Amino acid sequence: MDRPIFVTRPDMPPLEELEPMLRQIWQSRILTNGGEFHARLEQELARYLDVPYVSLTANGTLSLMLALRALGIEQGEVITTPYSFVATTHALQWSGLRPVFADISPKGFALDPDRVEEQITPRTKAILAVHVYGHPCDCAGLRRVAGRYGLPLIYDASHAFGVRMQGRSLLEQGDMATLSFHATKVFNTIEGGAVICRSLAMKQEIDRLRNFGFAGETEITGIGINAKLDELRCAYGLAALRHVDDAIARRRSLDAIYRRELGAVPALTVPPAPAEDVEWNYSHFPVLVPQGRDRLYERLKSDGILTRRYFYPLITDFEPYRTLLASQKICEAPNARRAADSVLCLPLYPDLPEQTLLRITDLIKKYC
Ligand code: T4K
């Protein structure tokens with residue numbers, strides 16, 4: 001049997017570009033707790049992403065926890081989406097916060113500001129929205145709701161590396177935004193992540209919190225955690241960053257072929273790309289298959305094509321959330337449920353050969 005086709009493959013920098021940096025690390029023996037490559041990656045990412053301050057972290061989940069802690073959101077409820085990777089809600093639970101779910105918009109995959117507003121009570125302490133698949137949320141709508149109630153607004157931008165809207169980085173939206181640099185992301189450091197801060201003071205707070213709260217050798221300023229990114233991963237990230245524009249361009253051309261091949265298949269819907277004023281990163285290729293999604297998933301799997309149902313089940317349907325939320329007024333979230341029950345993410349990564357992509361689309365046409 002042929003090797004399976006995965007939904008994604010990590011985009012890895014050429015080994016020869018990494019080697020000189022690895023030699024330097026071996027010589028200096030500075031492996032972690034900050035170092036030359038860590039400082040360089042923070043600077044280069046801030047420049048590339050066109051944002052004021054980047055704090056690197058060990059992963060996207062810890063990035064969310066650090067952002068919540070730095071904004072002083074330590075108890076109460078946070079309104080969020082059931083349609084995301086489970087880490088979004090896990091970060092709230094680990095932070096001692098109670099997730100309250102609101103539905104997503106009927107068009108698209110992100111929180112609907114009106115549904116968010118319906119869930120606000122005196123217990124609400126923040127809003128945590130997700131730019132699912134790198135498609136921007138309704139940022140103006142969410143800003144309006146957050147502003148009306150004086151609530152901090154955090155974006156889980158794990159999928160939105162490099163996305164720009166109206167000529168500006170999407171990561172500038174909200175009080176803070178977080179990124180994941182997991183191996184499966186558009187830009188990866190194997191494991192890793194970042195918090196995007198608006199001010200130097202906030203960056204310094206995140207930097208202290210990710211290093212146990214240390215503000216100096218003999219002083220801690222808060223209950224920090226270990227969320228540092230080591231020098232090896234930073235060197236890998238520096239090498240990977242040189243190739244990320246090419247990787248996104250390649251994703252764009254594969255996305256176009258998928259749209260051309262699948263746009264007219266009656267049994268499925270290809271969601272539109274984000275609006276024209278958005279420079280997207282083509283992080284995922286979701287299609288909606290309202291009838292027989294799971295059958296299609298299984299048939300493709302038996303052909304060695306491993307698509308993924310990102311995000312099924314809904315976070316609210318996973319144990320332990322079902323039990324944890326049993327006493328809460330359940331949010332019905334019909335739009336999120338419809339998306340979870342019909343979405344299928346097709347393989348998309350820069351070195352996916354076009355021939356393979358066409359084999360996938362031929363099989364989908366046959367099975368649909
Ligand atoms: N918020 C959002 C919205 C997120 O999507 C995520 C993570 C987070 C927060 C948390 O960020 P991190 O703490 O993870 O930094 C994956 C990733 O583990 C996860 O990072 C990601 N979202 C999520 C959407 O997907 P799985 O369980 O689907 O990964 P896995 O191991 O099944 O990988 C998918 C495919 O990728 C595999 O079939 C093969 C391929 N693959 C994967 C890895 C890891 C490779 O070819 N090589 C590899 O090294 O969760």
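Order of appearance sets the numbers: ligands from 1, and atoms from 1 within every ligand. All heavy atoms count here, side chains included; hydrogens, waters and symmetry mates do not. As the structure is a computational prediction, the values presented were derived from the model and not from experiment.
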(request) Return the residue, atom name and 0.1 Å-rounded distance of the protein heavy atom closest to atom 46 (O) of ligand 1. (result) Arg9 NH1, 2.5 Å
(request) Look at atom 21 (C) of ligand 1 and say which protein heavy atom is nearest, naming residue and atom and giving the distance to 0.1 Å. (result) Lys185 NZ, 2.9 Å
With respect to [X], determine whether any N or O atom, backbone or side chain, lies less than 3.5 Å from an N or O atom of ligand 1.
| X | result |
| --- | --- |
| Gly60 | yes |
| His159 | yes |
| Tyr310 | yes |

Between [options], flag the one that comes closest to [atom] by a heavy atom.
| atom | options | answer |
| --- | --- | --- |
| atom 13 (O) of ligand 1 | Asn188, Thr61, Thr57 | Thr61 |
| atom 7 (C) of ligand 1 | Phe181, Phe85, Phe311, Tyr133 | Phe85 |
| atom 38 (O) of ligand 1 | Tyr349, Tyr83, Phe6 | Phe6 |
| atom 11 (O) of ligand 1 | Ser180, Gly193, Gly134 | Ser180 |

Relative to the heavy atoms of [X], which atoms of ligand 1 are at a distance of less than 4.0 Å?
| X | answer |
| --- | --- |
| Asp156 | 1 (N), 2 (C), 3 (C), 9 (C) |
| Ser84 | 3 (C) |
| Asn59 | 13 (O), 15 (O) |
| Ala87 | 8 (C), 9 (C), 10 (C) |

(message) Looking only at the aromatic ring of each residue, does the gap between the centers of Phe161 and Tyr48 stay below 6.0 angstrom?
(response)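 For Tyr48 and Phe161, the ring centres are under 6.0 Å apart.
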(message) Less than 6.0 angstrom separating the ring centers of Tyr133 and Phe109, yes or no?
(response)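 Yes.
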(message) For Arg322 and Glu319: C-alpha separation, side-chain torsions, deciding distance, then whether salt bridge (Lys or Arg N to Asp or Glu O under 4.0 Å) applies.
(response) CA-CA 5 Å; Arg322 266 201 311 225; Glu319 276 301 346; 3.6 Å; yes
(message) Can you tell me which portion of Thr184 lies within the under-4.0 Å heavy-atom range of ligand 1? Options are side chain, backbone, both, or neither.
(response) side chain
(request) Determine whether the side chain, the backbone, both or neither of Arg308 has a heavy atom under 4.0 Å from any heavy atom of ligand 1. (result)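 Just the side chain.
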